[in-house]
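Quick note on labels: first sequence line is chain A, next is B, and so on, each numbered from 1. The model shown is predicted, which means the values in this text are computed figures rather than measured ones.
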Number of protein chains: 2
Amino acid sequence: MVTLAEVAQHAGVSASTVSYVLSGKRSISTTTRQRVERSIRELGYHPNAGARALASSKSNIIALMVPLRTDMYVPVMMEIAIAVATTARTHGYDVLLLTGEEGPDAVRRVTGSGLADAMILMDVELDDERLPLLRGTHQPSVLIGLPADITGLTCVDLDFKATGALCVEHLAMLGHRDIAVIGEAPAVYERHTGFAVRTLEGLRSRARELGVRLLHRPCEGGYDAMALTLARILDERPGTSGFVVQNESAIEPLLALLRQQGRAVPEDVSVVAVCPEQVATQASVRLTSVAIPAQEMGRHAVERLVAKLDGRGADEVVLISPELTVRASTGPAPSSTT
Amino acid sequence: MVTLAEVAQHAGVSASTVSYVLSGKRSISTTTRQRVERSIRELGYHPNAGARALASSKSNIIALMVPLRTDMYVPVMMEIAIAVATTARTHGYDVLLLTGEEGPDAVRRVTGSGLADAMILMDVELDDERLPLLRGTHQPSVLIGLPADITGLTCVDLDFKATGALCVEHLAMLGHRDIAVIGEAPAVYERHTGFAVRTLEGLRSRARELGVRLLHRPCEGGYDAMALTLARILDERPGTSGFVVQNESAIEPLLALLRQQGRAVPEDVSVVAVCPEQVATQASVRLTSVAIPAQEMGRHAVERLVAKLDGRGADEVVLISPELTVRASTGPAPSSTT
DNA sequence: ATAGGCTGTCGAAGCGCTTCGACAGCGTCT
DNA sequence: AGACGCTGTCGAAGCGCTTCGACAGCCTAT
């Protein structure tokens, strides 16, 4: 293994000079720099990460904590994770993958050991038990998601409240007076996952304002669960003509069931989805949807974090504005043409 | 930040003693151990990762290289990644997430810098350009996937050749003589991704042996692409009564299209999928399928790797035997009852 | 009683890097 | 011409840990 000292000897300079060539923290003459760079190349030198971390107290690693559970939005998570890793690299950071399994202990371990310089948390609950730890440390962190109390925290998220509002607005504008919301699995609400709860808030408050009726039903994914949920909804509110779906694995089942029952989309019922772009365009009906900008969220998170690590930028909440794209799954409510 | 030396002082012992308490590499009297452990707890000590890595030349980090592209099997990738992270933790390792983006350079960087002790590669191509590097280093590695030349390599994968064979067998046994294979996107085959190619090999050779006709068509996911692909298949082989699908995002479209054309599953046509269990059970028809054991693959990979790191275990190929679960999407071929 | 072997502990020498202060050499200002 | 400030380079002191050899104290075997 090639060391700094060997490079220095090969180039005929001192070790510190090589170090300064690498870091650029002091000016080095062009000739010396080139000689050193040549030696580095010829010897195939790679700085030792451990030694670097020890000497500089910086690991150049960002920890990313992903949820262990895979009951929702797996592709979104993956896309965020990949965006985080890619963006981090462009800033000279590597990414350490932590699962939620260890919970708060992982936060303690990572900050305590200096394994990572900063961390990004996904799947944040409204009252997440990791938050006090984050507030208590000087290590920068960014949440992807929005907890209830954001003091002292930096968060990046889609504005899910606005998302909910937007969906209701769109349907209301088309004349739908009875709207059903197919939500995530009950467990997601039970653990107070921010995005689900906030979407619901947005849906409800806008519905109230616009005077439309809203029925929310959590739903496990899959056909059987969706069939049951749909039956109950139509039983309770037979006049339902608009659906908002926030659950990837319920979308296709819903469309199939509606078709099967002879309810045409969008002639008889309209469907708005909150899902990744790809899902909306690849579904059996091209879906009117609000996209979940996974890449953008991952990128933003890293950029906030790097800013904090560089001493720029303070705590702040970045809420990405939702955009509703009209496709083929929504149209005027049938009653409104009567 | 608490250091080893402070713990030692607090406990009234030398630093090396504390170190040995932590590592267990030398025997320590019970009383001393307890005193040290108490100090560790009271001071909230966490060993510094960088210093450890430097002194021991071990980082206790495993690098996991995931594909950048998201054109296939995203949930499977995610599940593997999570299984890798979880299993690694139980062995005292953390996981560094690398995207395929940097390609071979990432391998060089990680092995050169001692950032990680070992690495796991996913999405291996038959003639992957990272392989020579892996063979040339002394750093242990495990591939998830099977390249063409496995000398000097450890691989973990589902036995996709057997998987293909199994699917054909099942359909042939039911009397289907004309089988169509809906494959991954063309790009997947073009870059010679091992699992896709091997499945195809298994399908073809078993089909030849059993004397059934096989038509393979790559397919991008989604309804439009599937509609086109299906039309072509039925045009070319109108008698097709069995389908093998190896493309998550083509499954639901296929089922919907068949339904739409009045072809009942499984009465008129049978469908076998190669997909994660969850997809098979949540589809609109409960699918006869060969499961992709993502968790198991991730776990196996880590366990092989840890064995190598411990000096146990040599190069070897672990091929997980496929299991076909019969559900509601396959039945006797219509002609065979005539 | 003595040699030999354990057991438990300590001190010290690094691991490879960063960074601080020092300073030689040179150009510039008065 | 002397003082001053740059620029570019060096040496040395750590960063916090692991690990090796040494050794004190004790037990066992002779």
Side-chain angles (χ1 to χ4, degrees), chain A residues 1-37 39-40 43-61 92 94 109-117 309, chain B residues 1-37 39-40 43-61 92 94 109-117 309:
Chain A
M1 212 197 161
V2 190
T3 70
L4 229 214
E6 290 171 309
V7 173
Q9 195 180 353
H10 185 270
V13 297
S14 76
S16 48
T17 301
V18 177
S19 178
Y20 287 122
V21 167
L22 251 27
S23 70
K25 292 193 179 167
R26 284 203 181 172
S27 54
I28 297 285
S29 69
T30 317
T31 59
T32 306
R33 185 201 323 289
Q34 288 175 346
R35 206 138 36 85
V36 170
E37 281 166 354
S39 297
I40 289 177
L43 300 178
Y45 169 71
H46 282 273
N48 178 309
R52 249 187 182 182
L54 177 56
S56 65
S57 337
K58 294 191 53 222
S59 62
N60 284 301
I61 289 180
D94 271 296
R109 191 168 61 83
V110 167
T111 60
S113 67
L115 227 189
D117 296 332
L309 284 166
Chain B
M1 212 197 162
V2 190
T3 70
L4 229 214
E6 291 170 306
V7 174
Q9 195 180 354
H10 186 271
V13 298
S14 77
S16 47
T17 300
V18 177
S19 178
Y20 286 122
V21 167
L22 251 26
S23 70
K25 292 192 180 169
R26 285 202 182 173
S27 56
I28 297 286
S29 70
T30 316
T31 59
T32 306
R33 186 202 319 290
Q34 288 175 345
R35 206 139 36 84
V36 170
E37 281 165 354
S39 297
I40 289 177
L43 299 178
Y45 169 72
H46 282 273
N48 178 309
R52 257 193 172 176
L54 177 56
S56 66
S57 330
K58 294 191 53 224
S59 62
N60 283 302
I61 289 180
D94 271 297
R109 191 167 62 83
V110 167
T111 59
S113 66
L115 228 189
D117 296 331
L309 284 165

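When heavy atoms are screened at a 4.0 angstrom cut-off, L4(A) is found touching base atoms of the nucleic acid. S19(A) comes within 4.0 angstrom of a nucleotide base, judged by non-hydrogen atoms across all strands. Nucleic acid contact class of L54(A) (heavy atoms, under 4.0 Å, all strands): base. Using a 4.0 Å heavy-atom criterion, one finds that T3(B) contacts the sugar-phosphate atoms exclusively.
With rounding to whole Å, K58(B) atom NZ is found 11 Å from dT18(D) atom P. Between the CD atom of Q9(B) and the P atom of dT9(C) there is a distance of 18 Å, rounded to whole Å. For the pair L22(A) CG and dT18(C) C1', the computed distance is 11 Å after rounding to whole Å. Distance CG (N48(B)) to P (dC15(C)): 18 Å, rounded to an integer number of Å. Q34(A) places its CD atom 13 Å from the P atom of dG8(D), with the value rounded to the nearest Å. If you measure from atom CD1 of I28(A) to atom P of dC6(D), you get 18 Å, rounded to the nearest angstrom. M1(B) has its CE atom 11 Å from the C1' atom of dC17(D), to the nearest Å.
Checking the phosphate oxygens (OP1, OP2) of dT18(C), no side-chain nitrogen or oxygen of K25(A) falls inside 4.0 Å. Between S29(A) and dT9(D), a side-chain N or O to OP1/OP2 separation shorter than 4.0 Å is present.
A distance of 9.0 Å separates CD in E37(B) from CG in L22(B), rounded to the nearest 0.5 Å. Atom OG in S113(B) sits 10.5 Å away from atom CG in N60(A) (nearest 0.5 Å). Distance CG/L4(B) to CD1/I40(B): 8.0 Å, rounded to 0.5 Å.
Of the two residues contacting DNA chain D, namely T17(B) and S14(A), the nearest-nucleotide position lying further toward the 5' end is that of S14(A). Both S27(B) and A55(B) lie close to DNA chain C; mapped to their nearest nucleotides by heavy-atom distance, the more 5′-ward contact belongs to S27(B).
With hydrogens and angles left out, the side chain of R35(A) and the base of dG8(D) share no donor-acceptor pair within 3.5 Å. Applying the 3.5 Å distance criterion, the base of dG11(D) shares a donor-acceptor pair with the side chain of S16(A). On a pure distance criterion of 3.5 Å, a polar donor-acceptor pair joins the side chain of R26(B) and the base of dT9(C). Remark: the Y20(B) side chain and the dC20(D) base include a donor-acceptor N/O pair separated by less than 3.5 Å.
Candidate nucleotides dT18(C), dC10(D), dC17(D) were compared by shortest atom distance to the side chain of R52(A), and dT18(C) ranks first. When distances run from any side-chain atom of S56(A) to the nucleotides dC20(D), dC17(D), dT19(C), the shortest one goes to dT19(C).
Shortest non-hydrogen contact noted between V21(A) and I28(A) is CG2-CG2, 3.9 Å.
A 4.5 Å side-chain heavy-atom check between E6(B) and T3(B) finds at least one atom pair inside the cut-off.
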Inset, instruction - Evaluate the criterion side chain to side chain contact (heavy atoms under 4.5 Å, CB included) for residue pair K58(B) and L309(B); output intermediate values, then yes/no. - result: CA-CA 10 Å; K58(B) 294 191 53 224; L309(B) 284 165; 6.0 Å; no
